[in-house]
Amino acid sequence: MSITRRNFLKIAAATGGLAIAGTSTVTSVLGLGKKPVSLPQYIPTTCEMCFWRCGVIAKVVDGKVVKLDGNPLHPNSRGKLCARGHGGIGLLYDPDRLKTPLINTGARGEAKFKKASWDEALGFVADKMQKIKEKYGAESIALLTHGTISTYFMHLLQAFGSPNFAMPSFALCRGARGVAFELTFGEDVGNPERLDIQNSKVVVLIGSHLGENAHNSQCQEFAEAVGKDATVIVVDPRFSTAAGKAKYWLPIKPATDLALLLSWINVIINEGLYDKEYVAKYTSGFNEVAMAVKEYTPEWAEKETDIPSSLIVDTARVIGKNRPHVLIHPGRHTAWYSDNVQRQRAVAILTALLGAYGRPGGIYLSPKKKLEPVFLSDKDYPEPQKPALNKGDYPFAGEEGVTHVIVKATLTEQPYPIKGWFITGTNIMKAMPNQRDTLSAIQKLELLVAVDMMPYDGVMLADVVLPECTYLERHDDLFTVKERAFGISIRQPVVQPMYDSKPGWWIAKELGKRLGLEDYFPWNTFEDFLKMKCETWGIDYSELVKKGYISFPESEAPYITSDNQPKFKTPSGKIELYSKELKEKGFDPVPKYTKHKQPPEGWFRLIYGRAPVHTFSRTTNNPSLWELMKENTAWVNAKVAKKMGLKNEDYIVLINQDGVKSNKVRIKVTERIREDCIYLVHGFSSTSKLLHRAYLRGADDQQLITKYDIDPISGSVGMRVNFVKISKEV
Ligand SMILES: Nc1nc2c(c(=O)[nH]1)N[C@H]1C(S)=C(S)[C@@H](COP(=O)(O)OP(=O)(O)OC[C@H]3O[C@@H](n4cnc5c(=O)[nH]c(N)nc54)[C@H](O)[C@@H]3O)O[C@H]1N2
Ligand SMILES: Nc1nc2c(c(=O)[nH]1)N[C@H]1C(S)=C(S)[C@@H](COP(=O)(O)OP(=O)(O)OC[C@H]3O[C@@H](n4cnc5c(=O)[nH]c(N)nc54)[C@H](O)[C@@H]3O)O[C@H]1N2
Ligand code: SF4
Ligand SMILES: [Mo]
C-alpha cells in the first residue's frame, strides 16, 4: 500500500487511542477516608539511554514514572535493564533539562541565552535557513546527528534540498567494521550484533570490553557462556572487566592487533586448523591468504605485539580446535588507527576460516524477513544542485556519512561553503576529535541550531536551542530488531512531555511548515504515521502498544543447514577472503601489517573506553547515574606511579603532544594497565556551566585527541594516536 494522506486519515480514524498514563484511580477498598488510591500503570516502550534499544516496561503512578524494568518479551533486554536503562528516570527528572527554546543573544558560542516561544524560535530558524538557501544554496546546510531524531531531520533537510549529513556511528564508531564485513561477507554483523555468544566455546575479545561496554543482552550472553565454561581470550593493553573472566589475557602493545591476527591466521593455516569443507564451499581467495600470511610467524608477531610466541601459538590452537563454535568478536567502536578496515578484515577472514559465520557459537545469519520500506512521506526529494559531501573521497564510506568531511568542508569552504549546521542528538564537542577544528568551523557558520534534551557542551555553542522531550515522553519511529528472529519494537510516551519540550518529529514538522514543506509531513500526529506503518506491515497496532515488542518466530534462520543455505551479497557470491573490490580501488586485497608510531620515552598512549553506568557524555549529569560514578580517573601503571612519586587518588593533569592540558583528574594506580598507556573513561568533564553535576568533573579524553588518523578505505577515524605525559601541577 502506498502512503498517501488519505490512508493516514483513514487508518488514524479506524484505530484506537494511546496508552499514555493518565490517572486511573479507585477508591480504597477499606473505605477509610475518601482519598483515592492510584493504580500503577505498566506501559511498554523502548530505551534510548544507549543504542542497544532494549524493551522497557515503565511503572507509572499518578503520572510519575517510579520504575523502569526490562520487557521480558524483548530479546535485547530479556526482562532486565542495565544501570543506564534504570537511570532513564534520572534523565526525565533532571532539573538541568532544557525547558524552553533558547536564542543566543551574544556572539557565536557565547551562550547568552534568552528564553523564546516555539513560534519565535522556529520562525527565526526558518528565516535564516531561507536566507542561507538564497545566498549559497540549500546544500549549504548540514546535519550532524545521532539517534532516533536523525530520521526526522534527515527527512526535513532532504526535503529542503540538502543531502549533507553525517553521524558519529560511522567514522567514529562501527563504520570500519561494517565496511570490512560487507567486503568479506556482503553484510555487516548488524546492530545489535548477530553474535551467538551464548553458544560459543571460545570467545575472543579484541579490545571489546564487555561488562564495561554494557550492551544488555550481549553481556547476558557473555555471562551465560562464562557460566558454561567457555574459554575467554581477552586481547587488551588493560586488564578489563572481561579479562577478569578470561583464561588468557594478552596485554598487547597498542596498535599492533593486526600482527596478532595475521599470525593467528598463519598458525591456523599451517597447522590445518581451519574448516576445509566450509572454506572450499563458501569462500574464495584462500590460496592468496595462505601465501600472504606466510611471513607473519608467531616469532615475528612477538616482536611487534609483546605477546610471547608460545602464547600466540597456544591461543591459535584453542581457537582452531574449537572451530566452528568460536566467536572472534568483531568489535563495535573500531575507530582506533589508520588501518581500521584492514584490522577488521583480518577478524572477518579468521571468522570465515573457522567456519564460524552462520554456525552455532559464531555469528548467526540474518533473520529471514523483509518489510517494505515505509517512508515519512511519499513525496520525492528535490534533486540537490551540488554533490553530497557525506562520503568525502573515501571509496567505501558508508551511508551514514563521515563527520570530519562535514567539519573540513565547513572550515575550508571547499568544495562549496557550508553555512548552517543542525546538531541533533550528538554532542559535537565530545564525539568528534580535534575540538579546535570544530570550534573554528562553527565560526564560519551563519546558523547553528541544536536540538537536544540537555545543555551539554555542543548545545552551548548554538544560536538556537530547541528542547526535545525525552524518550519516555514521546513517540518515535518503529524499531526493527534483527535478532535471531525478526521483531518490531515501539516507543510510546509513558508520561506527557514536561516543561515546554516537544518530540523531535513535531519540531521537524513545525519547521517544515514554516519552510513551505508541509506536504512532506502528511500526518497530524506521529501515532497516525505509526498506525499506517503497522497496517502496511500487517501488524496489529493495539497489540504492539500493549506488548511493546512483537516477534516473527517463523523468520528465525540463525544457522547454516542443508535447507538453509547462506547468500553472500558479494560480487562473487562467496565469502571474499581476497577482496577484488579493494584491489580495484588500489588497496591491499589481503590485509598487510602496518606499523604505527609508539610513544617516546616519558610519554604514554592515551586510550579510552566505557564505564558500565554511563553512556558517552550524555549521562554524566544524570542524577541517578552520577551518584554511581561522579567522575573518571586516569589509569596509570603502578610502576610508573611509583617512579613519579604518585599515590592512588592524587590529582594529576595530562598534557598531550600538542601542549593541550586536561582538567585535573584523580589517578587510579593499578597493575591492570600496561606501562606505556593511560586510560580514561570517555565523556567526562563537561564545559557547560548549566550542568550542575557534570561541569568540569574529571578529564575529557576528546580534549587531548587533537590529532587523528584517517583510514583511507572508509574515512573511519583513528583516535588512539595521541600521546600524553603526566604533570603533577594541578
Ligand atoms: N574520544 C572519544 N570519542 C568518541 C568515542 C570515544 O570513546 N572516545 N566514542 C565514539 C562512539 S563509539 C560514538 S557512538 C560517539 C557517540 O557520540 P554522541 O552520540 O554524540 O554521544 P554523547 O556524547 O552522549 O552526546 C549525545 C548528545 O545527544 C543528546 N541526546 C541524547 N538523547 C537524545 C534524544 O533522545 N534527543 C535529543 N534531541 N538529544 C539527545 C545528549 O543530551 C548529548 O548532548 O562518540 C564517538 N566519539
Ligand atoms: N556502558 C556503556 N556501554 C556502551 C557504550 C557506553 O557509552 N556505555 N557505548 C556503546 C557503543 S556505541 C560502542 S561503539 C561500544 C564501544 O565498546 P567496544 O567496542 O567494546 O570497545 P572499544 O571502545 O573499541 O575499546 C575499549 C577497550 O579497548 C582497549 N584498547 C585500547 N587500545 C587498544 C589496542 O590498541 N588494542 C586492543 N586490543 N585494545 C585496545 C581499551 O583498554 C578498552 O578496554 O560500547 C557500547 N556500550
Ligand atoms: S543496554 Fe542499557 S542503556 Fe542500552 S538500551 Fe539497553 S537498558 Fe538501555
Ligand atoms: Mo559507538
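If you're wondering where the values come from, they're calculated on a predicted model, not measured in any experiment. Because only heavy atoms are used, hydrogens play no part in the values below, and waters and symmetry mates are left out as well, while side chains stay in. First listed ligand is number 1; within each ligand, the first listed atom is number 1.
- Side-chain contact check for Ser77 and Asn216: no donor-acceptor pair (N or O, by modelled atom type) lies under 3.5 Å.
- Atoms of ligand 3 lying under 4.0 Å from any heavy atom of Cys82, numbered from 1 in the order shown and given with element: 1 (S), 2 (Fe), 3 (S), 7 (S).
- Looking from atom 8 (Fe) of ligand 3 to the surrounding protein, the closest heavy atom is Cys47 SG, 2.4 Å.
- Atom NZ of Lys630 is surrounded by more than 12 heavy atoms from other residues, nucleotides or ligands within 6.0 Å.
- Salt-bridge check for Asp196 with Arg484: passed, with a basic side-chain N closer than 4.0 Å to an acidic carboxylate O.
- Geometrically, Arg238 engages Tyr679 in a cation-pi contact defined by less than 6.0 Å to the ring centre and at most 45° from the axis.
- Under a cut-off of 6.0 angstrom, the local environment of NZ in Lys408 is sparse, with at most 12 non-hydrogen atoms contributed by other residues, nucleotides or ligands.
- Salt-bridge formation is not detected for the pair Asp500/Lys99: no Lys NZ or Arg NE/NH1/NH2 atom is positioned less than 4.0 Å from an Asp or Glu carboxylate oxygen.
- Which parts of ligand 3 touch Arg84 is read off a 4.0 Å heavy-atom cut-off, strictly below it: atoms 1 (S), 2 (Fe), 3 (S), 4 (Fe).
- For Cys54, every N, O or S atom stays at 2.8 Å or more from atom 2 (Fe) of ligand 3.
- Among the backbone and side-chain atoms of Cys50, an N, O or S atom lies under 2.8 Å from atom 4 (Fe) of ligand 3.
- Contacts between Arg53 and ligand 3 below 4.0 angstrom, taking non-hydrogen atoms only, involve the backbone exclusively.
- Between Ala214 and ligand 3 there is a heavy-atom distance shorter than 4.0 Å.
- Heavy-atom contacts of Met49 reach the following atoms of ligand 3: 3 (S) (cutoff under 4.0 Å).
- Because its NZ or CZ atom is not both nearer than 6.0 Å to the ring centre of Tyr337 and within 45° of the ring axis, Arg720 does not count as a cation-pi partner of that residue.
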Name each N or O atom in ligand 1 that is under 3.5 Å from a protein N or O, and give the partner atom and the distance.
{"from": "ligand 1", "atom 1": "1 (N)", "to": "Asp701", "atom 2": "OD2", "distance (Å)": "2.9"}
{"from": "ligand 1", "atom 1": "1 (N)", "to": "Gln702", "atom 2": "OE1", "distance (Å)": "3.2"}
{"from": "ligand 1", "atom 1": "1 (N)", "to": "Gln702", "atom 2": "NE2", "distance (Å)": "3.3"}
{"from": "ligand 1", "atom 1": "3 (N)", "to": "Gln702", "atom 2": "NE2", "distance (Å)": "2.9"}
{"from": "ligand 1", "atom 1": "7 (O)", "to": "Arg610", "atom 2": "NH1", "distance (Å)": "3.0"}
{"from": "ligand 1", "atom 1": "7 (O)", "to": "Arg610", "atom 2": "NH2", "distance (Å)": "3.4"}
{"from": "ligand 1", "atom 1": "8 (N)", "to": "His682", "atom 2": "ND1", "distance (Å)": "3.1"}
{"from": "ligand 1", "atom 1": "8 (N)", "to": "Asp701", "atom 2": "OD2", "distance (Å)": "3.1"}
{"from": "ligand 1", "atom 1": "9 (N)", "to": "Arg610", "atom 2": "NH2", "distance (Å)": "3.2"}
{"from": "ligand 1", "atom 1": "19 (O)", "to": "His146", "atom 2": "ND1", "distance (Å)": "2.6"}
{"from": "ligand 1", "atom 1": "19 (O)", "to": "Arg618", "atom 2": "NH2", "distance (Å)": "2.7"}
{"from": "ligand 1", "atom 1": "20 (O)", "to": "Thr426", "atom 2": "OG1", "distance (Å)": "2.7"}
{"from": "ligand 1", "atom 1": "20 (O)", "to": "Asn427", "atom 2": "N", "distance (Å)": "2.9"}
{"from": "ligand 1", "atom 1": "23 (O)", "to": "Ser617", "atom 2": "N", "distance (Å)": "3.3"}
{"from": "ligand 1", "atom 1": "23 (O)", "to": "Ser617", "atom 2": "OG", "distance (Å)": "2.6"}
{"from": "ligand 1", "atom 1": "24 (O)", "to": "Ser617", "atom 2": "N", "distance (Å)": "3.4"}
{"from": "ligand 1", "atom 1": "24 (O)", "to": "Arg618", "atom 2": "N", "distance (Å)": "3.1"}
{"from": "ligand 1", "atom 1": "24 (O)", "to": "Arg618", "atom 2": "NE", "distance (Å)": "2.9"}
{"from": "ligand 1", "atom 1": "25 (O)", "to": "Asn427", "atom 2": "N", "distance (Å)": "3.2"}
{"from": "ligand 1", "atom 1": "28 (O)", "to": "Gly425", "atom 2": "O", "distance (Å)": "3.1"}
{"from": "ligand 1", "atom 1": "28 (O)", "to": "Thr426", "atom 2": "N", "distance (Å)": "3.4"}
{"from": "ligand 1", "atom 1": "35 (O)", "to": "Arg474", "atom 2": "NH1", "distance (Å)": "3.1"}
{"from": "ligand 1", "atom 1": "35 (O)", "to": "Arg474", "atom 2": "NH2", "distance (Å)": "2.9"}
{"from": "ligand 1", "atom 1": "36 (N)", "to": "Glu468", "atom 2": "OE1", "distance (Å)": "2.6"}
{"from": "ligand 1", "atom 1": "38 (N)", "to": "Val451", "atom 2": "O", "distance (Å)": "3.1"}
{"from": "ligand 1", "atom 1": "38 (N)", "to": "Glu468", "atom 2": "OE1", "distance (Å)": "2.9"}
{"from": "ligand 1", "atom 1": "42 (O)", "to": "Asp452", "atom 2": "OD1", "distance (Å)": "2.6"}
{"from": "ligand 1", "atom 1": "44 (O)", "to": "Asp452", "atom 2": "OD2", "distance (Å)": "2.6"}
{"from": "ligand 1", "atom 1": "47 (N)", "to": "Ala431", "atom 2": "O", "distance (Å)": "2.8"}

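- Between the side chains of Gln344 and Thr334, no donor-acceptor pair is found at a separation under 3.5 Å.
- Listed by number with element, the atoms of ligand 3 under 4.0 Å from a non-hydrogen atom of Asn216 are 1 (S), 6 (Fe).
- A donor-acceptor pair under 3.5 Å is absent between the side-chain atoms of Ser208 and the main chain of Leu210, judged by distance alone.
- Other residues, nucleotides and ligands contribute more than 12 heavy atoms inside 6.0 Å of the NZ atom of Lys668.
- Ligand 3 places these atoms under 4.0 Å from at least one heavy atom of Leu81: 7 (S).
- Inspection of the Asp477 and Thr151 side chains reveals no N or O donor paired with an N or O acceptor under 3.5 Å.
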